[in-house]
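A short write-up of the structure that comes next.
Per chain, numbering begins at 1; letters A, B, ... match sequence-line order.
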Amino acid sequence: MSNRHSIIPIRDALSRVNQNVNLIGFVRESSFPRKSLGTDYVSILKIVDESYKDEEFSVHLFTEKLEHLPVVRSYKDIIILYQVKIEEFNGRIDAVFKKKSSSYALFDEQSCIDCNPYQASPGFRLLRPDIGFIRRMGNLCATFPFRGGGMDEYLLSLKHLKNKEYFDVVCKVLHVEKTANNTWMLFVWDGTDTPPLSFDMHLQDDEQSRLPLHVEQFPLPMDIICSFPCVGTVLRVMTNEAHEKFGLNFKGIGQWVRIRNMTCEVHFGLWKGLLLSSSRFRFLPNNDNTVLDCIRNFNFRVAEEEGRLPSWSSPPYLTVVDYENVPFATLMDLLTKPEVDVTVKCIVRVVAVFPPQAKDFCRPIESGQYRMRLTLEDPTARIHATLSGDNWVKFFGDSFSIVILKSKVNKLLGVLDGEDSSSVRNPPWIQCCISLNSGEYRICGTSFVG
DNA sequence: TTAGGGTTAG
């Protein structure tokens with residue numbers, strides 16, 4: 001017969017509405033700990049045990065301090081919960097952690113062995129009879145069935161990102177960085193390329209020609225950039241302002257996760273993911289089927305000679321290049337290998353030019369050379385590249401008519417003229433050779449063919 | 001108290 005001190009199976013908790021119970025379970029999902037709209041911090045965990053493995057049981061935890069909320073570290077983590085209140089809401093039965101009377105402790109596979117939790121709420125005291133429960137769960141965790149969670153209908157790869165919809169992403173978290181205004185940014189990757197975006201034609205010339213190179217306000221440190229993959233988009237995901245101290249509490253860096261119920265928007269032609277206050281995450285084992293699919297597709301892609309081409313690009317291109325034999329590279333290849341003085345071939349879009357007006361860039365600058373700056377983009381990065389001197393003439397030809405140059409640049413930028421004009425422009429893919437000279441990317445050996 | 005949810009357009 002159970003009493004107030006004994007752990008009960010989750011299934012039995014369903015018939016204990018308005019009672020306090022003790023539970024133990026594997027943590028399958030967690031919300032991102034956040035400030036509630038009341039006075040406390042809140043996190044919602046989904047737990048399972050042997051009695052309740054097909055569904056998941058929600059536990060709502062409220063604490064006065066953010067650091068008192070559980071920080072889950074892995075898909076094998078085990079939580080023991082003392083004196084959580086079973087409540088019913090809208091026909092669903094959940095547990096609520098009461099900050100005055102409840103307590104919890106978190107264990108991983110290792111800390112189950114000596115029952116020494118890696119995290120516990122203030123006042124947690126392990127009851128001696130529960131040692132056996134914890135060890136038993138520790139033994140189970142390697143074989144306990146793991147389900148990816150969430151309906152597959154919500155799952156999108158970065159390749160199929162959609163603006164302003166709610167979706168899930170299975171991705172590897174590469175990095176977390178604090179941004180200027182006290183929110184945090186996650187850098188996530190699934191090996192695919194986000195779709196190319198179009199650009200608002202209503203921007204002023206100045207804004208069109210000075211598009212930002214990345215979502216983050218300041219460039220990342222070089223050692224971080226260099227740790228990112230060079231193929232596939234690294235999506236920037238902003239946290240919500242309720243997610244205080246996000247980066248200090250999130251233990252998912254380097255892990256595959258499923259982020260659930262996130263959204264995204266477009267920031268100057270760059271995809272920007274957004275966490276919602278209702279977003280949550282699941283750690284995924286490396287042998288999760290969706291993770292294996294991502295890795296398999298990526299390995300298949302990079303094994304091909306054309307794996308470094310944007311998956312959204314296809315010939316014919318607006319340009320031809322002299323050096324057919326130079327290797328294809330992504331813009332991230334260029335950014336992460338700055339010490340190598342080579343020429344590579346890239347498939348990119350020209351998303352901006354500076355100066356913006358044809359009358360300015362078809363007039364030689366003081367040195368007598370033509371010179372302009374192109375903002376190039378592929379699914380991995382944006383860079384500024386210079387087109388100048390002989391390379392400029394090679395690119396545009398030796399007709400210096402403003403009308404002709406303007407028409408060529410408009411084609412590069414995806415600006416439709418005349419009757420086809422539209423409120424957005426969609427730059428086409430071009431091929432170009434890029435070399436790095438004295439810290440400057442230069443377009444070379446490339447000719448516009450229209 | 002707080003959240004609870006696959007939702008916002010009728």
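What separates CD of A:E88 from C1' of B:dA3 is a distance of 16 Å, to the nearest Å. Nucleotide B:dG4 holds its P atom 17 Å from the CD1 atom of A:I47, rounded to whole Å. In this structure, CD of A:E165 is placed 12 Å from C1' of B:dT7, rounded to the nearest angstrom. One interatomic measurement links the two molecules: NE2 of A:H243 to C1' of B:dA3, which rounds to 13 Å at whole-angstrom precision. For the pair A:Y154 OH and B:dT7 P, the computed distance is 5 Å after rounding to whole Å. Whole-Å rounding puts the A:L61 CG to B:dG4 P distance at 13 Å. One atom, CZ of A:F89, and another, C1' of B:dG4, lie 5 Å apart when rounded to the nearest Å. We find that CG of A:L276 is positioned 10 Å from C1' of B:dT7, with the value rounded to whole Å.
Note on A:R92: every side-chain N or O is 4.0 Å or more away from OP1 and OP2 of B:dA3.
In this structure, A:K99 reaches the bases: a heavy-atom distance under 4.0 Å links it to at least one base atom across the strands shown. Residue contacts shown for A:F167 include a base, since a base heavy atom lies under 4.0 Å away. Contact annotation for A:R280: base contact, defined as any heavy-atom pair under 4.0 Å involving a base atom.
Applying the salt bridge (charged side-chain N to carboxylate O under 4.0 Å, His left out) definition to pairs two or more places apart or across chains, none involves residues 122-135 of chain A. Counting only residues at least two apart or in different chains, salt bridge (charged side-chain N to carboxylate O under 4.0 Å, His left out) contacts with residues 174-201 of chain A comprise A:D193-A:R301.
Mapping A:K98 and A:S58 onto DNA chain B by nearest heavy atom places A:K98 closer to the 5' end of the strand.
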Please table the atom pairs, donor to acceptor, closer than 3.5 Å between any side-chain atom in residues 261-273 of chain A and protein atoms at least two apart or in another chain.
unit_1	atom_1	unit_2	atom_2	d
A:N261	ND2	A:S278	OG	2.9
A:T263	OG1	A:E165	O	2.7
A:W271	NE1	A:P195	O	2.7

Side chains of residues 230-237 of chain A: which donor-acceptor pairs under 3.5 Å do they make with residues two or more places apart or in other chains?
unit_1	atom_1	unit_2	atom_2	d
A:T233	OG1	A:T194	N	2.9
A:T233	OG1	A:T194	OG1	3.2
A:T233	OG1	A:P379	O	2.8
A:R236	NE	A:E216	OE1	2.9
A:R236	NH1	A:V234	O	2.9
A:R236	NH2	A:E216	OE2	2.9

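A donor atom on one side chain and an acceptor atom on the other are not found under 3.5 Å apart for A:Y118 and A:Q110.
Listed nucleotides B:dT7, B:dG6, B:dT2 differ in distance to A:R260; the shortest reach to its side chain belongs to B:dG6.
For a distance-only test at 3.5 Å, the side chain of A:N261 fails to qualify as a donor-acceptor partner of the base of B:dG5.
In this structure A:R349 satisfies the salt bridge (Lys or Arg N to Asp or Glu O under 4.0 Å) test together with A:E377, sequence neighbours excluded.
A salt bridge links A:R136 to A:E50: one of the charged nitrogens lies within less than 4.0 Å of a carboxylate oxygen.
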Show each protein N/O and nucleotides 8-10 of chain B N/O combination with a separation under 3.5 Å, one pair to a line.
none

